[in-house]
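Taking it in order: structure first as structure tokens, then the write-up.
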Amino acid sequence: MSDFAGMEDLLADFLTEAGELLGEVDNKLVELEKRPGDRALLDDIFRGFHTIKGGAGFLNVQQLVQLCHLTENLFDQLRKATLALSPDLLDVIMSATMVIRDMFAFLERGAMPPSADDALLAALQHAIDGSPVLVVSAPAAVAAAAVAPASAEPDWEALMQSVTGVASTASTTPAVRAVTERTAGRRVSDQPDSDGARAGRREADRVVVSQETTIRIDTVRLDQVLNLSGEIGLAKNRLNCLRTDLLAGKTGADTLRSLDEAVSHLDVLVGDLQNAVMKTRMQPIGRLFQKYPRVARDMARQLGKHVELVLSGEETELDKTMIEELGDPLIHLVRNAVDHGIEQPEERQAAGKPETATVRLSAQQLGDHIMIEISDDGRGMKPEALRRKAVEKGLIDAEAAASMDDRHALQLIFLPGFSTKDTASNFSGRGVGMDVVKTNITKLNGRIEVKSVPGQGSTIVIALPLTLAILPVLVVRLGEQPFAVPLALVREIVNIRPDEVQEVSGRPTMLVREEVLPIRSLANLIGWPQSRPPAYGVHMQSGLRNFVLAVDGFVGRDDVVIKPLEDVKPKGIAGATLSGDGSVVLVLDMEQLLAEPAAETRRALFEQAA
């Protein structure tokens with residue numbers, strides 16, 4: 001049985017509220033490092049620990065109460081100015097918040113967490129008593145291990161650091177290192193399971209699923225949905241009356257006009273209801289952003305750098321599912337900006353830059369898309385260096401590198417196995433991470449672009465649809481069969497004229513805006529016979545692939561709801577949807593279709609089909 005049998009709802013509410021509160025505390029701790037004497041920040045952090053302690057006490061989680069009580073007393077001393085904040089002391093406080101998160105993980109499984117490590121509790125008590133700081137944790141090493149992809153080779157040094165809490169870093173003083181090595185402050189999540197933990201794990205799935213499938217909704221938005229539902233009910237009654245009139249033979253101009261007005265009104269109401277329902281799933285992206293200042297601070301301290309993470313646009317709203325899926329990609333990008341993009345302080349000073357670097361994370365809504373930018377004022381990237389490194393690692397050949405412009409060269413960082421570092425560290429150099437970012441963004445029907453100026457910094461731009469529930473598509477024709485391609489991949493529509501198609505290396509190509517692009521026939525990609533030469537092309541970009549998709553014609557742009565195909569998964573088909581006239585439209589999975597090598601020739605494209 002769970003240690004919290006009969007209190008599951010109270011526990012879920014506590015974890016939701018306390019988790020958000022702890023995220024705010026982490027951010028305020030990062031701000032406190034810049035303004036150690038800010039009384040308002042000290043009061044807010046004190047209240048945060050006090051509130052978590054109160055909820056834990058109500059649930060009788062004495063281990064959490066003990067840790068929060070000590071941290072609360074420590075901040076009481078800081079508020080009274082009887083204790084001064086130092087980097088080592090802040091590391092101890094950060095270690096406490098990390099252990100609190102570990103305790104939350106136990107509570108999510110319905111298990112009572114073990115007590116915090118004695119070394120951490122002793123360090124907090126020594127600080128409260130005014131004694132020298134005893135211990136410092138390795139927050140960045142733990143963060144690095146937490147976000148490493150499962151396919152990566154284990155980083156044994158980082159693993160040891162995450163288990164023991166020992167950090168080998170130049171920013172830690174020798175005295176602190178000695179005590180750290182002696183205490184080997186383990187994290188609570190790495191201790192042997194208690195009987196309660198083992199029993200609680202059996203209920204893990206039920207508790208976790210309960211949290212993932214719930215969402216907080218503003219009552220104003222729910223009221224809007226209810227009002228629109230009521231108005232649609234009235235519109236339905238009106239249509240029923242008109243149907244009765246039509247069946248009774250009343251087909252006069254007044255009846256037809258009333259029918260047209262009723263259908264138009266219903267169309268507006270359904271559109272409004274659809275938008276209102278979509279908004280119930282929208283959440284401010286600031287809930288995701290709030291975890292990154294702590295990540296950037298911990299990593300910068302481990303690397304001996306001075307970095308400030310500036311957030312903007314936290315109020316921008318995005319579909320809840322997309323926010324959950326964005327967590328890992330954004331943490332990779334923030335870590336890469338701090339590790340790869342930002343120089344060491346002495347290097348920045350030599351270049352005439354301020355010693356403290358700035359990483360900016362912003363979000364804004366532009367039309368029906370959300371734009372997320374991660375930028376830094378670091379060393380930037382040199383396209384020629386990226387080409388050379390990609391050739392050295394065997395990811396592309398020299399011929400491809402020579403023909404690649406600077407814009408496409410910057411996209412090389414997303415290739416699996418690509419890294420600009422010759423040796424792997426705890427944070428990077430293994431060639432994993434950025435390819436995972438690209439894959440995850442593509443799964444969200446988004447696109448990612450890189451801009452960089454050597455010596456000035458880099459910017460990565462992510463464009464995402466507002467929601468995954470509705471997919472904007474371009475509907476094309478192959479014969480009489482319609483197919484849908486994601487609009488996010490479409491750049492423009494072009495005419496295909498036989499006299500403008502040339503063969504390069506035996507493959508048909510055409511010139512589009514002074515760029516030579518390969519032509520891929522949709523009929524060839526899906527294995528259909530080509531009855532006539534294609535007259536139109538869709539200029540598309542999928543990953544590093546830039547090509548023209550040859551089709552017979554177009555139906556138009558549409559917003560569709562994709563339905564999966566049950567018990568069957570045809571190659572290259574992501575799902576199906578219904579058009580306005582009721583016909584089935586297959587939605588293409590371009591990444592899967594393009595995985596096969598090109599087999600077209602100019603002759604097959606035109607002369608055989610003629």
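Only a predicted model underlies this, so the values are computations on that prediction, with no experimental measurement involved.
- In this structure, E343 CD and Q349 CD are separated by 11.5 Å, a value rounded to the nearest 0.5 Å.
- Within the model, atoms NZ of K438 and CE of M434 stand 10.0 Å from one another, a figure rounded to the nearest 0.5 Å.
- Applying the side chain to side chain contact (heavy atoms under 4.5 Å, CB included) test to A276 and every residue at least two apart in sequence or in another chain returns Q224, V225, L228.
- Classification of K320 and E324 as a salt-bridged pair holds, one side-chain N sitting under 4.0 Å from a carboxylate O.
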Could you check M540 against F547 for side-chain contact (heavy atoms from CB on, under 4.5 Å), going step by step and ending with a plain yes or no? CA-CA 6 Å; M540 306 182 71; F547 64 99; 3.8 Å; yes
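- Using a 4.5 Å heavy-atom cutoff, the side chains of I573 and D589 are not in contact.
- L415 CG to L395 CG: the interatomic distance, rounded to the nearest 0.5 Å, is 5.5 Å.
- Counting heavy atoms from C-beta on, the side chains of F418 and D435 never come closer than 4.5 Å.
- With sequence neighbours left out, the side chain to side chain contact (heavy atoms under 4.5 Å, CB included) criterion links A351 to K353.
- In this structure, R348 and T356 approach most closely via the heavy-atom pair NH2-O, 3.8 Å.
- A side-chain donor from one of E515 and N546 sits under 3.5 Å from a side-chain acceptor of the other.
- E503 places none of its side-chain heavy atoms less than 4.5 Å from the side chain of R507.
- Pairing each heavy atom of S579 with each of V585, the nearest pair is CB-CG2, 3.9 Å.
- Of the charged side-chain nitrogens involved, none lies within less than 4.0 Å of a carboxylate oxygen, so that R360 and D377 do not count as a salt-bridged pair.
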If you look only at distance, which donor and acceptor atoms sit under 3.5 Å apart when one is on a side chain in residues 446-453 and the other is two or more places apart or in another chain?
residue : atom : partner : partner atom : Å
S452    : OG   : M381    : N            : 2.7
S452    : OG   : G457    : O            : 3.4
S452    : OG   : S458    : OG           : 2.8

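- Heavy-atom minimum distance, L326 versus I441: CD2-CD1, 3.8 Å.
- Between the side chain of D218 and the backbone N or O of R221 there is no donor-acceptor pair closer than 3.5 Å.
- Among residue pairs with one or both ends in residues 486-496, those qualifying as salt bridge (charged side-chain N to carboxylate O under 4.0 Å, His left out) are E492-R513; sequence neighbours excluded.
- For the pair M299 and Q302, the minimum side-chain heavy-atom distance is 4.5 Å or more.
- Under the 4.0 Å criterion applied to side-chain N and carboxylate O atoms, D376 and K305 are not assigned as salt-bridge partners.
- Screening V461, L361, T459 against I374 for a side chain to side chain contact (heavy atoms under 4.5 Å, CB included) leaves a single residue, L361.
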Taking it one step at a time, do L474 and V538 satisfy side-chain contact (heavy atoms from CB on, under 4.5 Å)? CA-CA 9 Å; L474 176 67; V538 186; 4.0 Å; yes
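- For the pair S362 (side chain) and S312 (backbone), a donor-acceptor distance under 3.5 Å is absent.
- Taking F483 as the reference, V476, L478, Q481, L522, I526, W528, L586, L588 meet the side chain to side chain contact (heavy atoms under 4.5 Å, CB included) condition, with sequence neighbours excluded.
- By the side-chain hydrogen bond (donor to acceptor under 3.5 Å, both in side chains) test, D406 pairs with R387, sequence neighbours left out.
- With sequence neighbours excluded, the residues that form a salt bridge (charged side-chain N to carboxylate O under 4.0 Å, His left out) with D319 are R281.
- When all heavy atoms are compared, the tightest approach of I323 to P284 is CD1-O, 3.9 Å.
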Walk me through it: do M590 and L489 pass the test side-chain contact (heavy atoms from CB on, under 4.5 Å)? CA-CA 9 Å; M590 294 308 302; L489 306 180; 3.9 Å; yes
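- Inter-residue side-chain proximity for L85 and I93 is flagged as met; some heavy-atom pair is nearer than 4.5 Å.
- R520 contributes no side-chain N or O that, together with a main-chain N or O of L549, makes up a donor-acceptor pair within less than 3.5 Å.
- Applying the side-chain hydrogen bond (donor to acceptor under 3.5 Å, both in side chains) test to D38 and every residue at least two apart in sequence or in another chain returns R35.
- For K279, there are no salt bridge (charged side-chain N to carboxylate O under 4.0 Å, His left out) partners at least two apart in sequence or on another chain.
- Listed for the T509 side chain is a donor-acceptor partner under 3.5 Å among the backbone atoms of Q502.
- Nearest approach of G48 to L21, heavy atoms of both residues: O-CD2, 3.5 Å.
- A search for side-chain hydrogen bond (donor to acceptor under 3.5 Å, both in side chains) contacts involving E347 returns R379, not counting sequence neighbours.
- Within the model, atoms OG1 of T316 and CG of L288 stand 12.0 Å from one another, a figure rounded to the nearest 0.5 Å.
- With values rounded to the nearest 0.5 angstrom, L464 atom CG is found 8.0 Å from I285 atom CD1.
- In this structure T439 satisfies the side chain to side chain contact (heavy atoms under 4.5 Å, CB included) test together with K443, sequence neighbours excluded.
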Return all side-chain donor-acceptor pairs below 3.5 angstrom for residues 22-29, not counting sequence neighbours, or 'none' if the list is empty.
residue : atom : partner : partner atom : Å
D26     : OD1  : T97     : OG1          : 3.2
D26     : OD1  : R294    : NH1          : 2.8
D26     : OD2  : R101    : NH2          : 2.8
N27     : ND2  : Q290    : O            : 2.8

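- Within the 4.5 Å cutoff, the side chain of H539 has heavy atoms near those of the L517 side chain.
- Between the side chains of Q411 and R407, no donor-acceptor pair of N or O atoms lies under 3.5 Å.
- The shortest side-chain heavy-atom distance between D397 and V391 does not fall under the 4.5 Å cut-off.
- Considering only heavy atoms from C-beta on, V30 stays 4.5 Å or farther from E308 through its side chain.
- More than 12 non-hydrogen atoms from other residues, nucleotides or ligands lie less than 6.0 angstrom from CD of E346.
- Between atom CG of residue D298 and atom CZ of residue R335 there is a gap of 12.0 Å, rounded to the nearest 0.5 Å.
- Considering every non-hydrogen atom in both P345 and E355, the closest pair reads CB-CG, 3.6 Å.
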For side-chain contact (heavy atoms from CB on, under 4.5 Å), just list the numbers for R477 and V551, CA-CA rounded to whole Å, side-chain angles, deciding distance to a tenth of an Å, and then say yes or no. CA-CA 6 Å; R477 278 192 303 103; V551 297; over 6 Å; no
